[in-house]
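Throughout, a chain's letter reflects where its sequence line sits, starting with A, and its residues are numbered from 1.
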Number of protein chains: 2
Amino acid sequence: MEDKIIQFIKRYIDLSDAEADIVRDSSHIESFKKNDILLSEGEYSKNHYFILKGCVRTYYIIDGNEKTTEFYTENQSIVPASMVTKEPSEYFISCLEDCTIAIGSEERDLVLIERIPKLKNLIMKSDIQVRIHNQVMFDNFKSKTPEMRYHFLLDTRPDLFNRVPLHQLATYLGITPVSLSRMRKRISTKR
Amino acid sequence: MEDKIIQFIKRYIDLSDAEADIVRDSSHIESFKKNDILLSEGEYSKNHYFILKGCVRTYYIIDGNEKTTEFYTENQSIVPASMVTKEPSEYFISCLEDCTIAIGSEERDLVLIERIPKLKNLIMKSDIQVRIHNQVMFDNFKSKTPEMRYHFLLDTRPDLFNRVPLHQLATYLGITPVSLSRMRKRISTKR
DNA sequence: TTTATTAATTATCCAAGGTTAAGTTTTATA
DNA sequence: TATAAAACTTAACCTTGGATAATTAATAAA
């Protein structure tokens, strides 16, 4: 299980066997049950997460309605904005399934970076990768219709449709659940 | 002029006078004319930019139509995706006004980081700040109507309305120029 | 200053998402 | 297993944005 973390890191930087052992030894892995909340609105986050198994969702509540902002599945990492800004979180993070998650903390990060300084490069590289990916996703979102976004999601993350309730996919796509239902009907009768 | 760069850096990390001098000495400042292109689609970017004066726009072309993705004004920095990915750029970067811009290159960055290692922290911090800001903007975009986005832009970046043609603001807001024109009419007759 | 080009507006028609409410299906739980 | 709760669907009505085309305004170029 810990090897998934090593593999993730090796996508960005080289890691000797000895260094991999250090990372392995310092990883904290926890299990969560479906619907467990990793972080609530208003809380200060001191952890970041790496999904080993399961599916996690980030969302916020506006006018009483949940808006899903992202789904995270195996081998994806979550660094809550709150951890960076030191402000109370605007977002919830909760488990859509039973999950196994590696939890990183600021203190342990400092110790790890002390021992393996090049981990700084990992942070730099992965952050900017995420930044660029988000930018592309945002730009696409702007110029595509909801139906195009639906098809794009089907193409790129088909697994979500088996793991996630439709009303959460709807707000993720920037539309209402009612509208998504109607759209699916429209698409299915089209062919 | 160079001091704007120093001030920007000091928002993220401390810098001694000696270090500030090093940064100042190694900065390359260039002037550009309105409509000058800093980067074209298909090109490989080896530079990043810090706007000292003027306004710069990033956009891409899809189905023959320009889609503006961001406006950058004084004291904002641009790190093109292409510079990170080493892939040809999907985006154009062009000057909306006569501009004064500090240009950073990969080679000079390496030398600078060699001399001032803590600049790595600057990169880490500013990257993640941008990432989080983009995430919030994206989430807001999804849950707001075009009209709400228009008002939000008016509130947060009123200067753009004096510097940028409306049809470019329109695609930035994710709508067509025709639609923006109609919306403005609707808003003005509402009160 | 005239002319050409580009930007912005306006109108018409259409497609599609938002809202609300009712009904159905599925899932969870007592 | 029966009951309650949650998820999903469907329908009706309304609003608003997209597409197209024509017109006017503003800007740039000859």
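- In the set C:dG17, D:dA28, D:dA19, the nucleotide with an atom closest to the side chain of B:Lys34 is D:dA28.
- Residue B:His167 places none of its side-chain N or O atoms closer than 4.0 Å to OP1 or OP2 of C:dT6.
- Between A:Thr176 and C:dG17 there is no side-chain polar atom (N or O) within less than 4.0 angstrom of OP1 or OP2.
- Checking D:dG17, C:dA8, D:dT10 against the side-chain heavy atoms of B:Pro146 singles out D:dG17 as nearest.
- Atom CD1 of A:Ile187 and atom P of D:dT9 are 12 Å apart (whole Å).
- Ring geometry for A:Phe141 against B:Phe141 counts as perpendicular: the plane angle is over 60°, on a 0 to 90° scale with 30° as the lower cut.
- Rounded to whole angstrom, the span from the CG atom of B:Leu166 across to the P atom of D:dA25 amounts to 16 Å.
- Between B:Phe161 and B:Tyr150, the distance separating the two ring centers is shorter than 6.0 angstrom.
- The aromatic rings of B:Phe138 and A:Phe138 lie parallel to each other, their planes meeting at an angle below 30°, with 60° marking the opposite boundary.
- At a threshold of 4.0 angstrom between heavy atoms, the contacts of A:Ser181 include nucleobase atoms, whether or not backbone atoms are also involved.
- One can place CG of B:Asp63 at 11 Å from P of D:dT20, the figure rounded to the nearest angstrom.
- Between B:Tyr60 and B:Tyr91, the two ring planes are perpendicular [angle over 60°; tilted spans 30° to 60°].
- For B:Pro165, whose side chain is taken as the heavy atoms from C-beta onward, the closest listed nucleotide among C:dA7, C:dT19, C:dG18 is C:dA7.
- Rounded to an integer number of Å, the gap from NZ of B:Lys144 to P of D:dG17 is 15 Å.
- The distance from atom CG of A:Leu173 to atom C1' of D:dC8 is 16 Å, rounded to the nearest whole Å.
- D:dT16 atom P lies 16 Å from atom OH of B:Tyr150, rounded to whole Å.
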Quiz prompt | Residue pair A:Tyr12, A:Gln129: steps toward the side chain to side chain contact (heavy atoms under 4.5 Å, CB included) verdict | solution = CA-CA 10 Å; A:Tyr12 298 99; A:Gln129 292 279 30; 3.8 Å; yes

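- With rounding to whole Å, B:Met183 atom CE is found 15 Å from C:dT10 atom P.
- For D:dT9, the OP1/OP2 oxygens have no side-chain nitrogen or oxygen of A:Lys185 closer than 4.0 Å.
- Between B:Arg182 and A:Leu180, it is B:Arg182 whose nearest contact on DNA chain C lies nearer the 5' terminus.
- A sub-4.0 Å separation between OP1 or OP2 of D:dG17 and a side-chain N or O of B:Arg186 is present.
- Straight-line distance from the CD1 atom of A:Ile175 to the P atom of C:dA15: 19 Å, rounded to whole Å.
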